[in-house]
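One-based numbering along the sequence shown. Hydrogens, waters and symmetry mates play no part in the numbers below; they use all other heavy atoms, side chains included. As the structure lists them, so they are numbered: ligands from 1, and atoms in each ligand from 1.
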Amino acid sequence: MTDIAQNLENIRKRMATAATRAGRDPGAVQLVAVSKRVPLEFIRAAVACGQTVFGENYLQEAEKKIAALDPGLAWHLIGHLQSNKARQAARLFDVVETVDSIKLARLLDNHGRELNRVMDVYVQVNVGDEPQKWGIRPEEAEGLLVGMKEFQYIRVKGFMAMPPFFDDPEMARPCFRRLRLLVEDCRAKGFWSQDEKIELSMGMSNDFEVAIEEGATLVRVGSALFGSRE
Ligand SMILES: *Cc1c(COP(=O)(O)O)cnc(C)c1O
């Protein structure tokens with residue numbers, strides 16, 4: 001049996017230690033508990049320990065869970081979103097972390113208008129330059145942000161990345177750094193003011209400490225919390 005309370009406590013401690021090591025405020029880093037393929041009672045156990053933000057990859061699965069659980073929880077879509085499911089995603093999620101095209105952004109904006117609700121989105125960046133991965137190339141970020149300026153029902157509140165998996169988490173460090181520098185570059189170009197908080201969603205079970213050292217404000221942790229999904 002997975003001891004979720006214990007795992008959560010360990011992860012929170014490791015997050016705080018990594019933040020402190022990097023001279024950052026531990027309170028500036030949030031945990032997104034990745035609950036894909038995790039049974040409801042595990043999620044409830046995490047909620048009982050104060051966890052309120054969850055990440056899901058699949059719409060159908062998320063819809064059932066969101067309906068069954070406390071309405072006060074926040075849900076992030078962290079899996080790839082197909083255009084034909086944008087309406088459902090706009091209805092279900094508090095944040096869509098995986099916007100990677102102007103087409104998808106426009107659909108979410110339209111659905112936001114229908115629902116009369118402004119939605120926070122992150123831009124997914126393929127920081128590892130992997131051909132098979134979702135996300136825009138880093139050099140496309142500025143163009144996408146320019147294109148999204150006209151949308152009134154979605155706000156870009158962050159960037160998200162999923163570097164290649166390495167056994168040694170140090171290997172992912174340059175990817176995390178690249179995402180942070182990209183956000184800083186866009187800020188310098190005037191997309192956000194100096195004091196506006198822009199989220200950096202990066203780091204998973206294997207590498208979240210390195211991601212925090214490189215500036216992550218959200219880490220998405222699944223298996224270290226809920227146990228192996230396989
Ligand atoms: C599954 C998943 C995670 C969590 O991965 P773990 O290695 O289990 O922590 C994080 N981000 C995304 C996009 C995922 O699909």
Side-chain angles (χ1 to χ4, degrees), residues 2-4 6-15 18 29-40 42-43 45-46 49 51-63 65-66 73-82 85 89 92-101 104 120-130 132-136 138 157-173 175-176 178-180 199-230:
T2 316
D3 189 344
I4 289 162
Q6 184 64 56
N7 289 350
L8 196 54
E9 193 184 317
N10 288 344
I11 292 164
R12 284 178 181 151
K13 272 198 197 128
R14 287 170 58 192
M15 287 172 62
V29 190
Q30 263 198 307
L31 174 66
V32 177
V34 175
S35 47
K36 61 170 171 244
R37 308 211 295 274
V38 165
L40 277 178
F42 282 31
I43 304 177
C49 302
Q51 182 63 33
T52 55
V53 186
F54 292 86
E56 283 284 339
N57 291 61
Y58 312 105
L59 278 270
Q60 270 187 318
E61 184 186 336
E63 180 157 40
K65 287 177 181 167
I66 295 170
L73 303 175
W75 295 88
H76 288 213
L77 179 64
I78 62 169
H80 177 66
L81 178 58
Q82 292 170 313
K85 299 202 171 139
L92 286 175
F93 288 93
D94 298 281
V95 179
V96 171
E97 294 202 12
T98 49
V99 170
D100 63 357
S101 71
L104 184 56
D120 289 349
V121 301
Y122 304 166
V123 168
Q124 183 176 6
V125 184
N126 181 358
V127 280
D129 292 323
E130 295 168 280
Q132 75 281 18
K133 275 259 180 90
W134 300 111
I136 56 162
K157 297 297 276 183
F159 276 38
M160 179 274 210
M162 189 161 131
F165 179 86
F166 300 104
D167 286 323
D168 177 4
E170 278 301 323
M171 301 285 288
R173 189 181 292 277
C175 293
F176 296 138
R178 194 172 185 191
L179 192 70
R180 172 168 50 83
E199 308 288 356
L200 275 171
S201 172
M202 56 187 194
M204 319 196 333
S205 290
N206 188 50
D207 54 17
F208 68 87
E209 285 149 308
V210 176
I212 290 170
E213 287 169 11
E214 292 301 328
T217 66
L218 292 174
V219 292
R220 309 179 307 269
V221 176
S223 48
L225 174 58
F226 293 117
S228 159
R229 290 178 293 267
E230 270 73 39

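The protein heavy atom nearest to atom 9 (O) of ligand 1 is S205 OG, 2.5 Å. Residue, atom and distance of the protein heavy atom nearest to atom 10 (C) of ligand 1 are M204 SD, 3.3 Å. Of the protein's non-hydrogen atoms, the one nearest atom 12 (C) of ligand 1 is I78 CD1, 3.5 Å. Among protein heavy atoms, atom 13 (C) of ligand 1 sits closest to M162 SD, 3.3 Å.
With hydrogens and angles disregarded, no donor-acceptor distance shorter than 3.5 Å links the side chain of T98 to the backbone of I78. Put simply, the side chain of Q51 gets close to the backbone of L31: a donor and an acceptor are under 3.5 Å apart.
Of all the heavy atoms in C175 and P164, the pair that sits closest is SG-CD, 4.1 Å.
Tested against E56, the residues K65, H76, R37, K36 include a single side-chain hydrogen bond (donor to acceptor under 3.5 Å, both in side chains) partner, K65.
In this structure, H80 and W134 have parallel ring planes: the angle between them is below the 30° cut-off, well short of the 60° mark.
Near V221, with a cut-off below 4.0 Å to any heavy atom, the atoms of ligand 1 are 9 (O). Near M160, with a cut-off below 4.0 Å to any heavy atom, the atoms of ligand 1 are 13 (C). Against a heavy-atom cut-off of under 4.0 Å, N57 is close to the following atoms of ligand 1: 14 (C), 15 (O).
Looking at N206 against ligand 1, nothing comes within 4.0 Å, counting heavy atoms. With a heavy-atom cut-off of 4.0 Å, R220 touches ligand 1 through backbone and side chain alike.
Checked against the 6.0 Å centroid threshold, F93 and W75 do not count as a close aromatic pair.
The distance from the CZ atom of F176 to the CG atom of L200 is 10.5 Å, given to the nearest 0.5 Å.
Considering backbone and side-chain atoms alike, K36 places an N or O below 3.5 Å from some N or O of ligand 1.
In this structure, E97 has no heavy atom closer than 4.0 Å to ligand 1.
Taking E170 as the reference, R173 meet the side-chain hydrogen bond (donor to acceptor under 3.5 Å, both in side chains) condition, with sequence neighbours excluded.
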